[in-house]
Structures are given as structure tokens and as C-alpha cells.
Amino acid sequence: MKEKIAVLMGGRSLEREVSLRSGRRVCEALTERGYRVVPLDVTADLVPALRSERPDAAYIALHGKYGEDGTIQEVLEFLGIPYTGPGVVASTLAWDKAVSKRLFAENGIPTPAWVTFSTAAFKEMGAATALDLVPDAVGGFPLVVKPAEQGSALGLTRVTEAAELPNALMNALSYGDKAIVERWIDGAELAVSVLDGPDGLRVLPPVEMVALSGLFDFSAMYTPGETEYYVPARLDDAVMAEVVRLAAEVHRLLGCRHVSRVDMVVGADGVPQVLEVNTSPGMTETSLLPMAAAAVGINFQELVELLARAALDGIE
Ligand SMILES: Nc1ncnc2c1ncn2[C@@H]1O[C@H](COP(=O)(O)OP(=O)(O)O)[C@@H](O)[C@H]1O
Ligand SMILES: [Mg+2]
């Protein structure tokens with residue numbers, strides 16, 4: 001029998017159901033590959049369970065808050081259990097779009113123009129009196145308002161006129177303390193997965209998503225048939241090369257290891273712009289990382305084993 005792996009899944013984040021779907025598939029794949037698998041839902045019993053099970057590694061199949069923001073990573077560091085995916089610092093940076101976008105901008109990585117608001121700026125500093133400045137600050141309408149720390153397009157609103165802005169901000173701020181107002185880029189939507197193992201960094205073919213509803217929202221992400229996927233994305237060679245270069249650069253800039261998925265949009269000007277980085281990409285039936293891996297002949301089981309091995313073998 002191979003090593004014992006705890007698959008962490010579920011938890012209390014808004015993406016719990018998605019994580020359970022990812023986790024179940026990961027458990028099946030690892031079992032098929034001969035590993036001893038301990039599925040663990042993230043509850044108050046998690047730490048005692050990890051202490052008594054003493055797994056050789058943890059596979060993080062969690063998405064969203066506490067699974068992707070550095071929290072579970074700190075717990076695993078404390079317990080001395082190697083885990084899949086980026087470490088504490090990279091997870092923390094990637095999870096907070098207000099921070100990661102700042103890093104992109106300061107390092108020459110194109111990202112849509114944006115401003116960040118916190119609940120405190122509204123409550124303690126009178127920021128609400130300056131909402132009239134927002135459209136110009138991000139280059140006009142349409143724009144998008146989203147929580148700085150969230151996933152799966154939750155709390156996201158596309159805004160086409162000033163009157164909609166306050167409600168969109170209130171909605172985004174109901175998910176967390178910070179919200180981003182960002183220029184909306186009309187164009188191709190891409191998810192670019194990066195694998196980072198013993199043989200170095202490998203950018204998988206970019207996946208292009210076309211949501212039939214026009215908006216790549218929660219339902220479009222997880223309901224089969226609501227989105228068309230193109231692998232590789234339909235880009236001309238020069239844009240494709242730039243997309244691949246940017247994904248690798250962003251992965252390195254945030255200090256990611258093992259895996260990341262960089263979300264981008266390519267506007268009419270052909271310039272790819274980075275929206276965000278996911279450090280625990282979905283592993284469901286409709287997820288983008290497994291789709292990209294399949295396109296280069298890495299099947300789901302192989303993908304899962306590759307990530308588990310990165311943790312077990314201590315790849316930094
Ligand atoms: N500035 C933007 N321009 C165009 N589409 C956007 C923009 N921001 C978000 N979107 C759309 O919303 C989806 C989710 O936004 P994203 O920034 O990736 O956050 P998350 O996936 O963490 O919720 C994107 O995949 C894209 O479809
Ligand atoms: Mg995204």
C-alpha cells in the first residue's frame with residue numbers, strides 16, 4: 001500500500017458543495033491509485049482527526065474562505081503535515097484580489113483598472129461621498145463590483161450605470177470587508193492552469209469559456225451544458241504566447257507551488273489582462289484544470305496523483 005493521504009473537503013465556505021464534489025472525485029482517484037485515503041470534512045473535529053490519523057500528506061480539495069486563504073495551510077504547517085498547492089503566503093496573496101491586483105500592477109502585469117473599498121472606508125471615513133469619482137477612476141461603464149475575497153463569482157455584479165453602484169457595493173460588502181470596483185473587459189475569458197512539479201513549471205493549454213447566458217456566473221461554472229469550452233482557447237499565436245508567458249509570471253510572482261489557475265480576459269485590443277489567481281482550482285466534472293490537463297494527455301487520476309506526490313515528496 002502507498003502512503004496515507006487525508007483529503008480535506010467541504011468546510012463551511014460558500015463553496016462547500018463544490019468542494020465536496022471536488023473532494024469525492026479526488027478520493028476516488030487516489031484510492032484507484034493505491035493510496036490509503038482518509039476523507040475529512042472540515043469541522044471542529046478536524047485537528048483531532050488529523051492528529052490521530054497522522055497522514056503522510058493532506059490533499060486540499062477545499063475552495064473559498066479558510067481553504068484557500070492561508071487558514072488551513074497554517075494549521076497544516078503547525079501540525080507538520082505536508083499539503084498540496086501553494087503555501088501560506090502565496091495563498092494569502094492570491095485570495096485577496098485587492099492585494100494581488102496591486103502586485104500585478106506594480107510588476108507590469110496587465111489587470112483591469114480598479115479601485116478598492118472597505119466597509120471601514122464607508123463607515124469611518126465617508127467614502128460614500130466620493131462614489132461619483134468611481135466611474136472615471138476605472139475608465140467608465142460597464143464595470144464590475146465584486147468582493148475582494150471570494151470565489152465562484154459570488155457577490156459579483158456587472159454595473160452599467162451610476163445608480164446601480166451603491167447596491168452592487170453593498171452586495172459585495174455583505175460577503176466580506178473589502179470590495180473591488182473594476183473595469184469590465186468585453187472579450188474572451190480564459191482560465192490558464194499552471195503545474196509546478198519536479199520537472200519545473202508547465203503552463204497547460206488555456207481554456208476559453210463562453211457562457212451561453214453571457215455571464216460566467218456560479219450556475220454557468222458548475223452546470224453542465226451552460227458553458228461552451230474551447231481547449232486550447234481560440235487565440236492567435238502571438239496572443240497565445242503572451243497568455244502563457246503571463247500565467248507563468250503570475251504564478252512565480254505570487255510564489256505559488258504545485259498548481260495555480262490564472263483567470264484572464266482578452267479584450268478587443270488583444271491584450272490579456274489578469275483577473276485573479278486560484279490556488280485551489282476546482283476538480284469537479286466541469287472544472288477547468290482537469291479539462292486543461294486532459295488536453296495534454298494527463299487524465300484525472302494522473303493529475304491528482306501528480307499533486308499528491310508534490311506534497312508527499314516535499315516539492316517546494
Ligand atoms: N473585469 C472583468 N471583466 C470581464 N469579466 C469579468 C471581470 N471581472 C470578473 N468577470 C467575470 O466574472 C467571473 C468571476 O470573476 P473573478 O474575478 O474570476 O472572481 P472569482 O472567480 O474569484 O469569483 C470571471 O470569470 C469573469 O467571467
Ligand atoms: Mg475566477
Side-chain angles (χ1 to χ4, degrees), residues 13-15 18-19 62-65 67-69 91 93-102 104-105 109-116 134-135 137-160 168 171-172 174-176 178-194 206-223 226-230 233 243 247 250 254 259-269 271-282 284 286-289 291-292:
S13 95
L14 295 172
E15 291 169 276
V18 179
S19 164
L62 298 164
H63 309 307
K65 201 170 173 65
E68 215 165 337
D69 67 354
S91 300
L93 296 177
W95 173 247
D96 186 339
K97 294 180 176 79
V99 175
S100 54
K101 280 177 68 79
R102 193 63 73 187
F104 302 155
I109 290 162
T111 189
W114 86 103
V115 288
T116 301
V134 170
V138 303
F141 294 99
L143 45 81
V144 54
V145 182
K146 54 189 167 186
E149 301 170 283
Q150 194 41 255
S152 292
L154 296 166
L156 180 147
T157 316
R158 185 173 180 273
V159 169
T160 53
N171 181 34
S174 73
Y175 286 81
K178 277 191 293 189
I180 294 216
V181 183
E182 184 177 78
R183 178 177 196 146
W184 178 270
I185 310 291
D186 251 325
E189 262 216 67
L190 310 176
V192 194
S193 300
V194 179
V207 179
E208 178 180 351
M209 299 85 86
V210 181
L212 301 180
S213 70
L215 194 62
F216 191 55
D217 57 9
F218 191 87
S219 160
M221 284 178 194
Y222 302 113
T223 316
E226 287 196 16
T227 299
E228 279 172 1
Y229 300 94
Y230 297 88
V243 162
V250 164
L254 298 190
V259 67
S260 70
R261 203 194 74 215
V262 184
D263 289 349
M264 302 186 199
V265 276
V266 182
D269 58 1
V271 178
Q273 310 220 42
V274 176
L275 293 178
E276 62 144 355
V277 179
N278 299 283
T279 52
S280 181
T284 71
T286 59
S287 289
L288 303 159
L289 165 64
M291 210 180 285

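No experiment lies behind these values; they were computed from the predicted model shown. Numbering of ligands and ligand atoms starts at 1, following listing order.
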Please produce the table of protein N or O atoms sitting under 3.5 Å from N or O atoms belonging to ligand 1, one pair a line, distance to 0.1 Å.
unit_1   : atom_1 : unit_2 : atom_2 : d
ligand 1 : 1 (N)  : E182   : OE1    : 2.7
ligand 1 : 1 (N)  : R183   : O      : 2.8
ligand 1 : 3 (N)  : I185   : N      : 2.9
ligand 1 : 8 (N)  : K146   : NZ     : 2.9
ligand 1 : 8 (N)  : E182   : OE1    : 3.3
ligand 1 : 17 (O) : K146   : NZ     : 2.6
ligand 1 : 18 (O) : D263   : OD2    : 3.4
ligand 1 : 18 (O) : E276   : OE2    : 2.9
ligand 1 : 19 (O) : K97    : NZ     : 3.4
ligand 1 : 21 (O) : E276   : OE2    : 2.9
ligand 1 : 22 (O) : K97    : NZ     : 2.7
ligand 1 : 22 (O) : Q150   : O      : 3.1
ligand 1 : 22 (O) : E276   : OE1    : 3.1
ligand 1 : 22 (O) : E276   : OE2    : 3.2
ligand 1 : 23 (O) : S152   : N      : 3.4
ligand 1 : 23 (O) : A153   : N      : 2.6
ligand 1 : 25 (O) : E189   : OE1    : 2.9
ligand 1 : 27 (O) : E189   : OE1    : 3.0
ligand 1 : 27 (O) : E189   : OE2    : 2.4

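- The closest side-chain heavy-atom distance from F104 to V250 is below 4.5 Å.
- Within the 4.5 Å cutoff, side-chain heavy atoms of E189 are placed close to those of V265.
- Taken from CG in D269 to CD1 in I185, the straight-line distance is 7.5 Å, to the nearest 0.5 Å.
- Residues K97 and E182 are not paired through a salt bridge, judged by the lack of any N-O separation under 4.0 Å between the basic side chain and the carboxylate.
- In this structure, E15 CD and L154 CG are separated by 6.0 Å, a value rounded to the nearest 0.5 Å.
- With waters neither drawn nor counted, the protein N/O/S atoms under 2.8 Å from the Mg ion (ligand 2) amount to 2.
- Looking only at atom types and distance, the side chain of S219 has a donor-acceptor partner in the side chain of E226 under 3.5 Å away.
- With hydrogens and angles left out, the side-chain atoms of K178 and T116 include no donor and acceptor closer than 3.5 Å.
- V18 places none of its side-chain heavy atoms less than 4.5 Å from the side chain of M221.
- In summary, the side chains of Y229 and T286 do not present any donor paired with an acceptor at a separation below 3.5 Å, with no hydrogens or angles considered.
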